[in-house]
Novice: 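Below is one structure. I have some questions about it.
For clarity, every value in this text was computed on a predicted model and none was experimentally measured.
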2 protein chains.
Amino acid sequence: MNTRGEMWQAEILRVLNRHHTPISAYDVLETLRETHEKISPPTIYRALSALTKRGRVHRVESLNAFIACQCGQHQHTSILSICEDCGAVEESVAPKILKDLSSVIGKSGFSPMRHVIEVHGTCASCGSRKAQS
Amino acid sequence: MNTRGEMWQAEILRVLNRHHTPISAYDVLETLRETHEKISPPTIYRALSALTKRGRVHRVESLNAFIACQCGQHQHTSILSICEDCGAVEESVAPKILKDLSSVIGKSGFSPMRHVIEVHGTCASCGSRKAQS
DNA sequence: CGCGCAATGTTATATAGTAACGTAATCGCA
DNA sequence: TGCGATTACGTTACTATATAACATTGCGCG
Ligand SMILES: [Zn+2]
Ligand SMILES: [Zn+2]
Ligand SMILES: [Zn+2]
Ligand SMILES: [Zn+2]
């Protein structure tokens, strides 16, 4: 059975949903340790990996961190816009870009399986805040 | 003077150019230790970071590894196609995709500074090898 | 029951990256 | 040239991220 595993996944998802920025596996670990003293890294990583497979959580490769999927629509490849000022991450879904991407890199015979698209920059509110000052 | 720093950059670039797959900073470290016993991680990371800024080396975020720029044209943002079979990485330059990407994520007011586009999959030769068997 | 399998827990370790500080080279300027 | 300020570099130690390996649990089934 996997009731325990599912329990960890649910707990971790709750932790991730309390944040609006990506957090590291070890941040999750520390948080869960407040209530479950004996939890250890492999448990966290197993659950995060299951959640990622199920599309409930996205791994932010360029930050080695994780964020709950915000776009309702799971099992998609999304574009992550990461504000380097406030840390906020926004998800966009753009099938056309994925298609163009496939066609560009497919020219050489490469067949894509997983896309990582992460854009670092400044979000709207941080941008206007900086423009003011 | 920064002749020492430039020397490390040159040595590291030589190491990276001997491989056709991304290698980790610590792989570089081990290799250089064969000839320079006392070299240490910060030296490697400083040089890698300078090389990355200069566009001579790309950091593969989804592998925590580095590869020498293969496309001659430095200081560009490139799309990396990573074969999960043989590890080979191919670079593509596609300004149109970057433009589309900016326009999609710009709708919400986000202004992009750095793009990370990495596609995992199977390269042409590994694909045909698998199709045969 | 009692064997076999798969999921989970546990310990330890591997891998990746950086802070902090001292020293040495370089620059700005009289 | 002399000399303080500044920056680059080396070195030590440490923090952060991730996984290997093995023990244990609990369930399915004859
Ligand atoms: Zn999502
Ligand atoms: Zn912001
Ligand atoms: Zn390149
Ligand atoms: Zn291949």
Novice: Is the phosphate of dG9(C) approached by Trp8(A) (side-chain N or O, under 4.0 Å from OP1 or OP2)?
Specialist: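 It does, given that an N or O in the side chain of Trp8(A) lies less than 4.0 Å from OP1 or OP2 of dG9(C).
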
Novice: Taking the side chain as everything from C-beta on, heavy atoms only, tell me whether Ser62(B) gets closer than 4.5 Å to Ile82(B).
Specialist: yes

Novice: To the nearest Å, give me how far apart NE2 (His36(A)) and C1' (dT8(C)) are.
Specialist: 14 Å

Novice: Are side-chain N/O atoms of Gln75(A) and Arg54(A) paired as donor and acceptor at under 3.5 Å?
Specialist: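 The criterion, which ignores hydrogens and geometry beyond distance, is not satisfied for Arg54(A) and Gln75(A).
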
Novice: Is there side-chain contact between Glu118(B) and His115(A), with at least one heavy-atom pair below 4.5 Å?
Specialist: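 SC-SC contact between Glu118(B) and His115(A) ruled out.
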
Novice: Are the side chains of Ile117(B) and Val116(A) in contact, using a 4.5 Å heavy-atom criterion?
Specialist: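 They are not in contact (no side-chain heavy atoms under 4.5 Å apart), so the answer is no.
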
Novice: Answer yes if the side chains of Ser81(A) and Glu90(A) hold a donor-acceptor pair under 3.5 Å, and no otherwise.
Specialist: no

Novice: Near DNA chain D, which residues from residues 11-35 of chain B have a heavy atom under 4.0 Å away?
Specialist: none

Novice: Please confirm whether the shortest side-chain N or O distance from Asn64(A) to OP1 or OP2 of dA16(C) is below 4.0 Å.
Specialist: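 False: Asn64(A) side-chain N/O out of range (4.0 Å or more) of dA16(C) OP1/OP2.
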
Novice: When the distance from CD of Glu61(A) to C1' of dG17(C) is rounded to whole Å, what number comes out?
Specialist: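 To the nearest whole Å, that distance equals 17 Å.
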
Novice: With a 3.5 Å cut-off and no angle check, do the side chains of Glu84(B) and Thr122(B) form a donor-acceptor pair?
Specialist: no

Novice: Could you tell me the separation between the CD atom of Gln9(A) and the P atom of dA7(C), rounded to a whole number of Å?
Specialist: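 About 12 Å, once rounded to whole Å.
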
Novice: Are any of the side-chain heavy atoms of Thr31(A) and Ile12(A) separated by less than 4.5 Å?
Specialist: no

Novice: Assess, by modelled atom type and distance only, whether the side chains of His20(A) and Gln70(A) contain a donor and an acceptor separated by less than 3.5 Å.
Specialist: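 His20(A) vs Gln70(A): no donor-acceptor pair found between side chains.
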
Novice: Show the nearest heavy-atom pair for residues Val119(B) and Pro112(A), with the distance to one decimal.
Specialist: CG1-CB, 3.4 Å

Novice: For Leu63(A) and dT18(C), give me the distance from atom CG to atom C1', rounded to whole Å.
Specialist: 16 Å

Novice: Could you check which residues of residues 40-59 of chain A get a heavy atom under 4.0 Å from DNA chain C? Sort them by number, please.
Specialist: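 Those residues whose heavy atoms fall under 4.0 Å from DNA chain C, taken from residues 40-59 of chain A in numerical order, are Ser40(A), Pro42(A), Thr43(A), Arg46(A).
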
Novice: Can you tell me the distance, in whole Å, between the CD atom of Glu6(B) and the P atom of dG10(D)?
Specialist: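 Distance, rounded to whole Å: 12 Å.
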
Novice: Rounding to an integer number of Å, can you tell me how far Ile39(A) CD1 sits from dT11(C) P?
Specialist: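 Going from CD1 in Ile39(A) over to P in dT11(C) covers 14 Å.
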
Novice: Expressed as a whole number of angstroms, how long is the span from Met7(B):CE to dA8(D):C1'?
Specialist: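 It is 14 Å, rounded to the nearest whole Å.
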
